[in-house]
A.B. asks: 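Starting off with a structure, shown below.
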2 protein chains.
Amino acid sequence: MDTNPARERILDAAEHLFYARGIQAVGMDVIRNASGVTLRRLYQLFPSKGDLVKAYLARRDARWLQSLARHVDMATENPRGRLLAVFDWLEDWFTQPDFHGCAFINSFGELGGTSPEVAAAARHHKDTFHAYLQELATAAGASAATGTQIALLAEGAMSTAAISGTPASASHAKLAAQLLLTPGNRNDAFPS
Amino acid sequence: MDTNPARERILDAAEHLFYARGIQAVGMDVIRNASGVTLRRLYQLFPSKGDLVKAYLARRDARWLQSLARHVDMATENPRGRLLAVFDWLEDWFTQPDFHGCAFINSFGELGGTSPEVAAAARHHKDTFHAYLQELATAAGASAATGTQIALLAEGAMSTAAISGTPASASHAKLAAQLLLTPGNRNDAFPS
DNA sequence: ATACTATGAGAACGCTCGTTCTCACGCAAG
DNA sequence: CTTGCGTGAGAACGAGCGTTCTCATAGTAT
């Protein structure tokens, strides 16, 4: 199905290395060594490093959101609980030993100023995540603006967990999200 | 006072270029051209690029927090208003034409995986910012945990403003902060 | 068997970048 | 005047990296 096994091995190695060390710090031959493929095949499948970076970000975007949605779907059917389950998933993520922040925030920080494609990939990823949280928020009876606020908490938790090196920001953000979701907080001012 | 004018010109050029394009994308000779100083002087004042990066981050850390504190001090004497003024300052920042996200989040994303010094600089900056918000929060009668939550909102607003390219996240975060500050939100669970 | 094609392994090329070196020049001390 | 020393400008060096090329080999069709 994922037809080409060499392609997958390359993307696995690229994702692991790019995410851990940054994109510019990882050379093509390092990826070749890690994936066990020959340089010729590597360039047949990804004609330039930019193509490989694009494929890395695209696959990570899809998988990340799939993993989150799967967790939310398996957590509970209570709409409010589904929204809060996002933060449990974040805490799981932050606790993984190879956690190193959001790959899109990182690559935007590294290349957003010089590569419009990387900047667009980050924007797309965050837009999708933002829309997903708004969907969960409105399903829970809250406003879309509350979804936006909760997205800000999630983003802040990612940055903070990465830089501080601890997963504590996930539970802090979850508690704040709970407060923002309490009925009685009139919060219809910002429709987007 | 800032004794060495060449040193300041170098740091001005480095800050502008590093912040706009990323650290690895800017070579030492580009900084030399932009600052008008000779390569020899550049290396006399900063023996390696790593030293220049360290000085860039240290100066930006100090100036950024000074600018924020100055704005807060001039905004109002109402403790709650002082905390909320942080988000007005953020919105001003996000609106500046050269805004490109938080320099520390960016440099952490670029070099945090390979340079412990850059990672430590980012951690220090965020710790200081976090402590300042906690101070404003407790002065406003809120808990330190509320300060932490508001810090997460501010962090999320920075990332989101950078990647989306709009300053709207500042007002969204401000509104959320106001809600988190409303009395009646019992919020003593997380002492830090 | 032979000629052609595709592949593996890695050398090679061209470029960039951090860092250092060369060399001519100006200026102060004797 | 001249001797030496610090300085300016830029060339040079060495390493790393993205990308391409070489060449020997293995498999295949005729």
Side-chain angles (χ1 to χ4, degrees), chain A residues 3-58 106-107 109-119 121, chain B residues 3-58 106-107 109-119 121:
Chain A
T3 55
N4 197 327
R7 189 186 162 88
E8 293 302 304
R9 282 221 314 282
I10 292 168
L11 281 172
D12 290 343
E15 176 164 6
H16 178 247
L17 291 162
F18 285 159
Y19 179 64
R21 303 187 204 164
I23 291 171
Q24 302 191 79
V26 176
M28 291 295 267
D29 60 336
V30 174
I31 291 170
R32 171 196 99 187
N33 286 340
S35 62
V37 90
T38 176
L39 211 52
R40 189 193 198 82
R41 264 227 195 292
L42 178 51
Y43 274 92
Q44 277 175 353
L45 294 165
F46 303 97
S48 77
K49 188 179 182 180
D51 293 309
L52 180 56
V53 170
K54 212 182 327 185
Y56 151 59
L57 293 175
N106 290 347
S107 49
E110 182 174 359
L111 297 168
T114 56
S115 162
E117 308 190 355
V118 169
Chain B
T3 54
N4 196 328
R7 189 186 162 89
E8 292 302 304
R9 281 219 316 280
I10 292 168
L11 281 173
D12 289 344
E15 175 163 8
H16 178 247
L17 291 163
F18 285 160
Y19 180 63
R21 302 188 204 165
I23 291 170
Q24 302 190 77
V26 176
M28 292 296 267
D29 60 337
V30 175
I31 292 169
R32 170 196 100 188
N33 285 340
S35 60
V37 88
T38 176
L39 211 52
R40 190 193 199 80
R41 265 229 193 292
L42 180 50
Y43 274 92
Q44 279 176 351
L45 294 165
F46 302 98
S48 76
K49 189 179 181 179
D51 293 310
L52 180 55
V53 170
K54 212 181 330 185
Y56 151 59
L57 292 174
N106 290 347
S107 50
E110 183 174 359
L111 297 168
T114 55
S115 162
E117 308 190 355
V118 169

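Order of the sequence lines sets the chain letters (A, B, ...), proteins ahead of strands, with each chain counted from 1.
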A.B. asks: Expressed in angstrom and rounded to an integer, what is the separation of Arg32(B) atom CZ from dT20(C) atom C1'?
C.D. replies: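 From Arg32(B) CZ to dT20(C) C1': 14 Å.
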A.B. asks: With respect to the side chain of Leu39(A), which nucleotide from dT19(D), dA9(C), dG10(D) is positioned closest?
C.D. replies: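 Ranking dT19(D), dA9(C), dG10(D) by closest atom to the Leu39(A) side chain puts dT19(D) first.
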A.B. asks: Atom CZ of Arg41(A) and atom C1' of dT7(C): how far apart are they, to the nearest Å?
C.D. replies: 8 Å
A.B. asks: Would you indicate which nucleotide in dT19(C), dG8(C), dT19(D) comes nearest to any side-chain atom of Ser48(A)?
C.D. replies: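 When the side chain of Ser48(A) is considered, dT19(D) is the closest of dT19(C), dG8(C), dT19(D).
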A.B. asks: Atom OH of Tyr43(A) to atom P of dT7(C): distance rounded to whole Å?
C.D. replies: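 Between P of dT7(C) and OH of Tyr43(A): 18 Å.
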A.B. asks: For the NZ atom of Lys49(A) and the CD1 atom of Ile23(A), what is their distance to the nearest 0.5 Å?
C.D. replies: 7.5 Å
A.B. asks: Check whether any side-chain heavy atom of Phe18(A) sits under 4.5 Å from a side-chain heavy atom of Ile31(A), and report yes or no.
C.D. replies: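 When only atoms from C-beta onward are counted, Ile31(A) and Phe18(A) do touch, with a gap below 4.5 Å.
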A.B. asks: Please state how far atom CG in Leu52(A) lies from atom P in dC17(D), giving the value in whole angstrom units.
C.D. replies: 15 Å
A.B. asks: Over how many whole Å does the gap from Ile31(B) atom CD1 to dT19(C) atom P extend?
C.D. replies: 11 Å
A.B. asks: Between atom NE2 of His16(B) and atom CZ of Arg21(B), what is the distance when rounded to the nearest 0.5 Å?
C.D. replies: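 Rounded to the nearest 0.5 Å, the NE2-CZ separation comes out at 8.0 Å.
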A.B. asks: Just call it for Val26(B): base, sugar-phosphate, or nothing, with non-hydrogen atoms closer than 4.0 Å on any strand.
C.D. replies: sugar-phosphate
A.B. asks: Output the rounded distance in Å from CG (Asn33(A)) to C1' (dG8(C)).
C.D. replies: 14 Å
A.B. asks: For the CG atom of Leu52(B) and the CZ atom of Arg7(B), what is their distance to the nearest 0.5 Å?
C.D. replies: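 So the gap between those two atoms works out to 9.0 Å.
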A.B. asks: Starting the side chain at C-beta, find the nucleotide from dG10(D), dG18(D), dG8(D) nearest to Lys49(A).
C.D. replies: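 The answer is dG18(D).
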A.B. asks: 5'-most contact on DNA chain C: Gln44(A) or Arg40(B), nearest heavy atom basis?
C.D. replies: Gln44(A)
A.B. asks: How long is the line joining CG of Leu42(B) and P of dG10(D), in whole Å?
C.D. replies: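 Distance, rounded to whole Å: 15 Å.
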A.B. asks: Can you figure out which of dG18(D), dG10(C), dG8(D) approaches the side chain of Met28(A) most closely?
C.D. replies: dG18(D)
A.B. asks: Hey, are the side chains of Leu42(A) and Leu39(A) touching, using non-hydrogen atoms and a 4.5 Å cut-off?
C.D. replies: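 Side chain of Leu42(A) against side chain of Leu39(A), heavy atoms only: contact under 4.5 Å found.
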A.B. asks: Starting from P on dC13(C), measure out to CG on Asp29(A) and report it in whole angstrom.
C.D. replies: 18 Å
